Amino acid sequence: MKKIVSVILLVVVFTSCNEYQKALKSEDIGVKYEMGTKLYEAGKYSKAIRLFEQVATTYRGKPQAEKLFYMFSQAYFKTNQFYLAGYQFESFTSSYPKSEKIEEAAFLGAKSYSKLSPTYSLDQTDTNKAIEKLQIFIDTYPNSTYLPEANMLVKQLAEKIEKKVFENARGYNTISDYKSALVALDNFINDFPGTTYKEEALYYRFDSAYKLGVNSVPDKMEERLIVAKKAYSNLINFKADTKYKEKADEMLARVEKDLQKFTK
């Protein structure tokens, strides 16, 4: 019995592969369309894509085009070809604005761009583009069932941008460019007032001001030490029990000791 089943499966697979190869070589676009649809519905998206690519231009404007381009877009998405999926979904929404699939296509198109967003340390052009696309979707379909996921994606992408900006600002402190660190950290705190990195940003701002102050030439030291002392106050006012408290207190003691030189 098992042998019979195995033989039947082999025949089915061989026949299916043979039909697919015939469709690829056929000059009949109807054959390609039907086989592409059959493969798409069977979850064989990569093979379906090859056939859709062959007939897409020819079918544009025909009655079957809407279904074809929806499947084409979905097939790219399901095979993780997100750049092509984003492009195809956008083309679908502009070509078929009255389609019952329009909302889904608009969401998946925006989601495709979110999938292209790289790790925070890399260039975030695609991340910003994804946020823009998702925001357009949210504004266009405020009552969509996809809204919770769209908002979640925007939040995740925004957090990635926030982390990159913070790490760039902190990076100036790491390379001992304390003047640039103060400017960058100030900008970060102003641009992201509710950031989860605020405690760290305030600490590294204090650390930068401290190191700039204690290592200054005499005629600039007092002014910079006062800036450092204020930076310490900003950190403690934000979080009195900051994890940096012990180290910050030691640094403040040095600041106050050095400031005493200017009161005599």
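Note that the structure is predicted; figures quoted are calculated from it, not measured.
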Exercise. Where do Y141 and L147 land on the side chain to side chain contact (heavy atoms under 4.5 Å, CB included) test, with the steps shown first?
Worked result: CA-CA 8 Å; Y141 301 98; L147 193 63; over 6 Å; no
Exercise. Hey, mind stepping through K101 and Y96 against side chain to side chain contact (heavy atoms under 4.5 Å, CB included) and telling me if it holds?
Worked result: CA-CA 9 Å; K101 301 289 187 180; Y96 308 101; over 6 Å; no
For this session: Could you walk me through whether T119 and L122 pass the side chain to side chain contact (heavy atoms under 4.5 Å, CB included) test, one step at a time?
Result: CA-CA 6 Å; T119 184; L122 300 178; 3.6 Å; yes
Problem set entry | CA sep, side-chain torsions, deciding dist, call: K38, E19, salt bridge (charged side-chain N to carboxylate O under 4.0 Å, His left out) | CA-CA 11 Å; K38 181 179 177 181; E19 289 177 353; 3.3 Å; yes
Problem set entry | Evaluation steps, side chain to side chain contact (heavy atoms under 4.5 Å, CB included), between S144 and F107 | CA-CA 9 Å; S144 172; F107 172 68; 5.9 Å; no
For this session: Could you go through the side chain to side chain donor-acceptor pair (under 3.5 Å) check for E90 and Y113 one step at a time?
Result: CA-CA 11 Å; E90 283 193 326; Y113 287 106; 3.1 Å; yes
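Checked by atom type, the side-chain pair N128/E132 shows no donor-acceptor distance below 3.5 Å. Side-chain atoms of Y40 and Q74 include no donor-acceptor pair closer than 3.5 Å. Judged by distance alone, the side chains of Y232 and D249 do bring a donor and an acceptor atom under 3.5 Å apart. For S176 and K211, the side-chain atoms include no donor-acceptor pair closer than 3.5 Å. Looking at E66 and Y59, their side chains never bring a donor and an acceptor atom within 3.5 Å of each other.
Atom CD of residue E104 and atom OG1 of residue T145 lie 9.0 Å apart, to the nearest 0.5 angstrom. How far NZ of K163 is from CD of E167: 4.5 Å, rounded to the nearest 0.5 Å. In this structure, OH on Y20 lies 6.5 Å from NZ on K47, to the nearest 0.5 angstrom. Between S208 atom OG and F206 atom CZ the span is 10.5 Å, to the nearest 0.5 Å. Atom CG of residue L202 and atom OG1 of residue T242 lie 8.5 Å apart, to the nearest 0.5 angstrom. Atom CD of E200 sits about 8.5 Å away from atom OG1 of T195, to the nearest 0.5 Å.
T37 is listed as a side-chain neighbour of E41, based on a closest heavy-atom distance under 4.5 Å. Between V214 and L225, some side-chain heavy-atom pair lies under the 4.5 Å cut-off. Annotation: side chain of I49 is in contact with side chain of E53 (closest heavy-atom distance under 4.5 Å). You'll find the side chain of I29 reaches within 4.5 Å of the side chain of K62, heavy atoms only. Annotation: side chain of D191 is not in contact with side chain of E162 (no heavy-atom distance under 4.5 Å).
The backbone N or O of V55 sits nowhere less than 3.5 Å from a side-chain atom of K32 that would complete a donor-acceptor pair. No side-chain donor-acceptor contact under 3.5 Å links N173 to the backbone of A169. Distance alone, capped at 3.5 Å, is enough to place a donor-acceptor pair between the K160 side chain and the P118 backbone. Not a single donor-acceptor pair under 3.5 Å links the side chain of S26 to the backbone N or O of K22. Between the side chain of K115 and the backbone N or O of F82, no donor-acceptor pair lies under 3.5 Å. In this structure, D207 contributes its side chain and Y203 its backbone to no donor-acceptor pair below 3.5 Å. With hydrogens and angles disregarded, no donor-acceptor distance shorter than 3.5 Å links the side chain of S117 to the backbone of S114.
Within the cation-pi definition used here (under 6.0 Å to the ring centroid, within 45° of the axis), K164 does not qualify as a partner of Y120.
In this structure, E199 does not pair ionically with K243, as no charged nitrogen and carboxylate oxygen lie closer than 4.0 Å. A salt bridge is absent between E250 and R254; no separation between the charged side-chain nitrogens and carboxylate oxygens falls under 4.0 Å. The pair E149-K111 counts as a salt bridge, with a side-chain nitrogen and a carboxylate oxygen less than 4.0 angstrom apart.
No path of Ile, Leu, Val, Met, Phe, Trp and Tyr side chains, each step under 4.5 Å between heavy atoms, connects L212 with L235, placing them in separate hydrophobic clusters. In the hydrophobic cluster analysis, where Ile, Leu, Val, Met, Phe, Trp and Tyr join through side-chain heavy atoms closer than 4.5 angstrom, F192 is grouped together with L157. In this structure, F188 is a member of the same hydrophobic cluster as I161, with clusters built from ILVMFWY side-chain heavy atoms closer than 4.5 Å. No chain of hydrophobic side-chain contacts below 4.5 Å, direct or via other Ile, Leu, Val, Met, Phe, Trp or Tyr residues, connects L182 to F238. There is no path of hydrophobic side-chain contacts, each under 4.5 Å, that joins V31 to L39.
Shown are T57, T58, L51; of these, the side chain to side chain contact (heavy atoms under 4.5 Å, CB included) with Q54 is made only by L51.
Aromatic rings from F92 and F69 are positioned such that their centres are separated by 6.0 Å or more. The aromatic ring centres of Y83 and Y87 sit 6.0 Å or more apart.
Counted within 6.0 Å of CD on E223, heavy atoms from surrounding residues, nucleotides or ligands total 12 or fewer; the atom is thus considered open.
Ring pair Y204/Y244 is perpendicular by interplanar angle, where above 60° counts as perpendicular and below 30° as parallel.
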